[in-house]
Structures are given as C-alpha cells and as structure tokens.
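Residue numbers begin at 1 in each chain, while the letters A, B, ... track the order of the sequences. Keep in mind it's a predicted model, so treat the numbers as computed, not measured.
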Number of protein chains: 2
Amino acid sequence: MSKVHPHSPTAPESRDSLFLRAMNLLKTAGYKKTIHRETLVRFFLVNPGPLTSEDIQKRTKGLDKVTIYRSLASFESAGLLRKIDFGDGLLRYELNLNDGEHHHHVICTQCGRVDVIDHCEASPVSHIEAQTGYRSIRHSLEFFGLCPQCQ
Amino acid sequence: MSKVHPHSPTAPESRDSLFLRAMNLLKTAGYKKTIHRETLVRFFLVNPGPLTSEDIQKRTKGLDKVTIYRSLASFESAGLLRKIDFGDGLLRYELNLNDGEHHHHVICTQCGRVDVIDHCEASPVSHIEAQTGYRSIRHSLEFFGLCPQCQ
DNA sequence: ATGTGTGCAAAAGCTTTGCAATAAA
DNA sequence: TTTATTGCAAAGCTTTTGCACACAT
C-alpha cells in the first residue's frame, strides 16, 4: 500500500557503514543485538520508508507483529527511525540516520504513493517561538494531493 | 484535556449570524435540522476547538458518543468543521466557518495546551506542485513544543 | 408517509500488555 | 546467571457499523 518514491538515488554513506552505525546506536541505547533487529535494520536500509507495520510484516516474512512493534519502538528511541503520522490511522516509520536534515512528504490521496520533499519550508522555529512563547519546537508537515498518475 | 487558547478575541461576525450560516450549510448539504445538531453547532461556536469527541461529550452531557461521531462527520462533509490529527491517536474537530483562511497550531507536549498560529508559512502550494507534479495539494502542519507554563 | 437521525450494543482496526519460554551478554 | 527479547493470546482504545425505534419534512 505504501509505495515510496525516493528522492536521493545516490547515498553518500555506504550501506555497510550505515548498518554499523545503526547497530551502534542500538548498542549505545542499551539494546541487545538480535537476529530480528539486524533483519529489520537491513530492511530499513533498503526500504527507508515511511512504512506501516503491515508493510514491514509482509515484506519480512516470519517476523511477529508484536516483535515488529517493539522493535520499531526501540529503534525510534535509539534514534534510528522516526515515527510519522499521515492521519489515516496507521503509524509509519522512516529511516532517520541523518538526524539533522529533515524532510517532508506528499501523499497521493488516491493511490497512497508517497514522495519526498527535500527542503523544509515551514516557518522558522525561532519565529514561532517568538510569536508563541513555546520552546523546543518541532513540527510535522505533510502535503496531500493527486499524484501525476492519478490525475 | 484539550485546553485551547484562542487567537482572535473579537469575532467579526455575530454568533447568531454564524449559527444561521452554519445551519444553512447543513441544510444545503441535505442534512435535517435536529436538536442535537443545533446543540453541537452552538457548542462549537463557543468552543471552536480543536476538540476530541471526548471533550465534546463531557461538555455536552446527554449526547451519545455515536451521535457525536456521526454529527462530526456530517459537519465535516457540510464544511462546518475540519478534522485535525495531532498524531496522538485522537481525532479533533475545529470550527471552519471561514474556509479561506486556514491556520495551524502549537501543541504543548506536556500539558496538551493548544495555541493558534495565525499565519500559514508553509511552502507555497504552487512550488510543491511544480516540484512534484502533484495537484490539488492541501497540507497539514502542526508544531509541538513546551508552552510557557511547562518550561 | 418516507427517509433521516438516534441510541444501544456489538464489531473493527491498530497498537499494547501479560506472561512463560528463549536467547543474549 | 542475569537481564532483555520473543511469541502467542488477550486486552485497550478510539472509531465504525447494525439494527430497531423515534423524529423531521
């Protein structure tokens, strides 16, 4: 259901290096190295998401649903993944190995296709902080429309 | 749970006029006038939201949960309300009697307070359309942080 | 009179939790 | 050996659906 069209075909860091870095993040966060976690990390390196737990279960046969949910929670807390909510009742997870650079998505409301928008163009956080008095602000920004194929 | 701090203390249009306009939108959309719907419309005029179904049920005693859900759906389809998703598993609804001007929110991750951000500063839709080929784009943008009281 | 709205109960759907068995360090 | 992880089943939660009765036009 979640077809994802990647934006950056050439990765600057090798997959092996990313894998090691990811496993290290898990270790640092106090998580043990298990076969399932390795499988899931490798899976996300190839399919960076955003993916639902169902997407993941279908494409990594043999993994229990609960194991997936718990792994996703660990990965998020270790900083490997970030959770995304498109507002359709399903949680999605996306690879997040470059914390700094965040991006957003356009979701096709017809077919569910997801594309990445490279540059974040939301209002500067400093501006919102000044206007509202809030601090430590993060934001969630997603676009919805009809993809070229569905128009 | 959803405390909302309004941004615009003075309404340009009288409450009675808004009420009539809202009921007219319902009528135009083919919905009948019922006591519950009138109650809910009046409630939203005083509490523009965003509010969860639980917020609404607590503050309009006597209304059945299912009636609320179905009314909210009618109101949304008639254009009175818009649905908002803060990503916490609860749907919220907000008065939407001025379709044109849309705004966003800052949500306190500690106490749940919600403030309004008047000006939308997301990337122009035309720019996203040109970049992605998507059409009929709408967007969802919410900010999360610590409100002044919770810092 | 006809079709819509309402309320109760039950179902759905995704996500979490409990617990005993298993595996990692 | 001590602590975390896994898998199955069961529970939790919000939201939706079914159906008979009541109400609006």
Angle between terminal axes - the helix from C:dA1-D:dT25 to C:dA25-D:dT1, 5 pairs each end, rounded to 10°:
30°
Partners passing side chain to side chain contact (heavy atoms under 4.5 Å, CB included) against A:K32 (at least two apart in sequence or in another chain):
A:R37
Sequence neighbours excluded, the answer for side-chain hydrogen bond (donor to acceptor under 3.5 Å, both in side chains) partners of A:N24 is none
With no hydrogens and no angle check, is any side-chain donor or acceptor of A:T67 less than 3.5 Å from a backbone partner on A:L63?
no
For A:R138, enumerate each residue passing the side chain to side chain contact (heavy atoms under 4.5 Å, CB included) test, keeping only those at least two apart in sequence or located in another chain.
B:F144
Give the rounded distance in Å between these two atoms: CG of B:L72 and C1' of D:dT17.
17 Å
So, using side chain to side chain contact (heavy atoms under 4.5 Å, CB included) as the criterion, who are the partners of B:T132 when residues are at least two apart?
A:V106, A:I117, B:I128, B:Y134, B:I137
Sequence neighbours left out, what passes salt bridge (charged side-chain N to carboxylate O under 4.0 Å, His left out) with B:E94? Give chain and number order.
B:R82
note: B:K61, atom NZ; C:dG7, atom P; distance rounded to Å ~ 17 Å
By salt bridge (charged side-chain N to carboxylate O under 4.0 Å, His left out), which residues pair with B:D64, not counting sequence neighbours?
none
Can you tell me how far C1' of C:dG7 sits from CG of B:L40, to the nearest Å?
15 Å
What is the per-nucleotide protein-contact pattern of nucleotides 5-15 of chain D, from the 5' end, where B denotes a base atom under 4.0 Å from a protein heavy atom, S denotes such proximity for sugar-phosphate atoms only, and - denotes neither?
SBBBB----SB
Partner set under side-chain hydrogen bond (donor to acceptor under 3.5 Å, both in side chains) for A:N47, not counting sequence neighbours:
A:R59
Please tabulate, one pair per line, each protein N/O and nucleotide N/O from nucleotides 20-22 of chain D that are separated by under 3.5 Å, including the distance.
none

Can you pull the ring pair (Phe, Tyr, Trp, His ring centres under 6.0 Å) pairs that have at least one residue in residues 31-90 of chain B, sequence neighbours excluded?
B:F86-B:H105
Could you pull out all residues at least two apart from B:R135 that satisfy side chain to side chain contact (heavy atoms under 4.5 Å, CB included)?
A:Q151, B:E129
